[in-house]
Amino acid sequence: MNTRVLVVDDDPVALGMLEAALKLGGFDIVRAYGAEDALRKVKLRKPDIVLTDLEMPKINGVALISMIREDPEIQRTPVIAVTAHTWDTIGQAAAQVGCDALIAKPFSPQKLIEKVRECLAIRRAAAPPPRRVLRGVE
C-alpha cells in the first residue's frame, strides 16, 4: 500500500499543483477543500501525512493543525504547512501548535517529496513499538 497524503487548500489550482508534485513521488492523494473538509477526511481516511495551506477562509491552517494535535485519535499524524509565509506570524503560529515542517511556495516537486519522506521517517522512528500480546500467559 502506498503512502496516503491528505492535501488541504481552498484553491483548486494549488491542490492540483500539490497533487501533481506528490504523484511524482508515488504517493496516493486525498484532496480536502478547506479545513472543515480536511478534519473530516483525516478522521475517516487516516492519511499517513497531511499537507495544508495556512491561509484559508473560515478555519485557517493553524487552527486545523491545532485541532489535529488536540484529537487523540489523529494527533500523531504528521502535518506539513505549505505556505508563502514561512517565517512571519502565521508560519510561527503553525510551528507553535505542532506543525512538523514548513514548505515555502513556490516549491520544487523534488523538495516537496523529500520533505514529506523526511517527516514520515521522523514520525515513524518516534512511534512506540507495536504492543505484542503473548498468548497463554496470564
Side-chain angles (χ1 to χ4, degrees):
M1 182 169 89
N2 287 341
T3 301
R4 183 177 298 149
V5 180
L6 177 67
V7 292
V8 185
D9 205 306
D10 60 310
D11 178 1
V13 173
L15 276 174
M17 290 173 43
L18 282 168
E19 183 173 9
L22 292 166
K23 281 187 175 181
L24 292 173
F27 299 110
D28 289 336
I29 310 302
V30 177
R31 285 181 170 210
Y33 297 94
E36 292 164 328
D37 188 29
L39 197 56
R40 187 171 41 258
K41 287 181 177 173
V42 75
K43 289 180 178 186
L44 179 67
R45 303 290 302 272
K46 304 287 191 244
D48 297 292
I49 192 166
V50 174
L51 275 71
T52 185
D53 185 31
L54 293 180
E55 293 188 299
M56 296 182 287
K58 295 183 184 177
I59 301 172
N60 70 21
V62 174
L64 172 62
I65 296 165
S66 183
M67 288 186 279
I68 290 171
R69 294 295 177 245
E70 292 171 1
D71 187 325
E73 184 182 343
I74 57 176
Q75 67 187 185
R76 293 196 43 78
T77 306
V79 180
I80 297 175
V82 183
T83 181
H85 307 284
T86 55
W87 297 116
D88 66 3
T89 306
I90 196 165
Q92 292 172 12
Q96 289 173 351
V97 296
C99 183
D100 292 278
L102 294 169
I103 293 283
K105 291 178 186 177
F107 53 84
S108 75
Q110 189 58 37
K111 188 72 171 170
L112 182 68
I113 291 166
E114 287 172 11
K115 186 56 74 175
V116 169
R117 289 183 178 151
E118 176 186 315
C119 285
L120 286 167
I122 290 168
R123 186 61 69 155
R124 287 179 180 141
R131 188 171 167 200
R132 293 180 17 180
V133 176
L134 299 175
R135 303 206 188 281
V137 178
E138 307 254 349

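Start at 1 with the first residue, then count along the sequence.
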Can you name the closest pair of heavy atoms from [X] and [Y] and give their distance?
X      : Y      : result
Leu6   : Ala38  : CD2-O, 3.7 Å
Leu102 : Ala94  : CD2-CB, 4.4 Å
Lys46  : Arg4   : O-NH1, 4.1 Å
Pro109 : Leu24  : CB-CD1, 3.9 Å
Val79  : Cys99  : O-SG, 3.6 Å
Ile49  : Cys119 : CD1-CB, 3.9 Å

Between atom CG of Asp10 and atom CG of Leu15, what is the distance when rounded to the nearest 0.5 Å?
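So the CG of Asp10 and the CG of Leu15 are separated by 8.0 Å.
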Looking at CD of Gln96 and CD1 of Ile65, how far apart are the two atoms once the value is rounded to the nearest 0.5 Å?
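It is 11.5 Å, given to the nearest 0.5 Å.
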With a 6.0 Å cut-off (strictly less than), is the heavy-atom count around CE of Met17, excluding the residue itself, greater than 12?
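No - once you tally the heavy atoms of other residues, nucleotides and ligands closer than 6.0 Å, there are 12 at most.
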Under 3.5 Å: donor-acceptor pair, side chain of [X], backbone of [Y]:
X     : Y     : result
Lys43 : Ile74 : no
Arg69 : Arg76 : no
Asn2  : Phe27 : no

Is there a side-chain contact between [X] and [Y], using heavy atoms and a 4.5 Å cut-off?
X      : Y     : result
Leu112 : Leu18 : yes
Val30  : Pro47 : no
Leu64  : Val8  : yes
Asp9   : Val82 : no
Asn60  : Leu54 : no

Could you go step by step and tell me if Asp53 and Lys105 meet the side chain to side chain contact (heavy atoms under 4.5 Å, CB included) rule?
CA-CA 10 Å; Asp53 185 31; Lys105 291 178 186 177; 3.3 Å; yes
Could you go through the salt bridge (Lys or Arg N to Asp or Glu O under 4.0 Å) check for Glu19 and Lys23 one step at a time?
CA-CA 6 Å; Glu19 183 173 9; Lys23 281 187 175 181; 3.3 Å; yes
Please evaluate residues Leu39 and Ile68 with respect to the criterion side chain to side chain contact (heavy atoms under 4.5 Å, CB included), reporting the C-alpha separation (whole Å), side-chain torsions for both, the decisive distance (0.1 Å), and the verdict.
CA-CA 7 Å; Leu39 197 56; Ile68 290 171; 4.3 Å; yes
With salt bridge (Lys or Arg N to Asp or Glu O under 4.0 Å) as the test, would you mind laying out the steps for Glu114 and Arg117 before giving the verdict?
CA-CA 5 Å; Glu114 287 172 11; Arg117 289 183 178 151; over 6 Å; no
For Leu51 and Leu22, what are the C-alpha separation, side-chain angles and deciding distance, and is it a side chain to side chain contact (heavy atoms under 4.5 Å, CB included)?
CA-CA 10 Å; Leu51 275 71; Leu22 292 166; 4.1 Å; yes
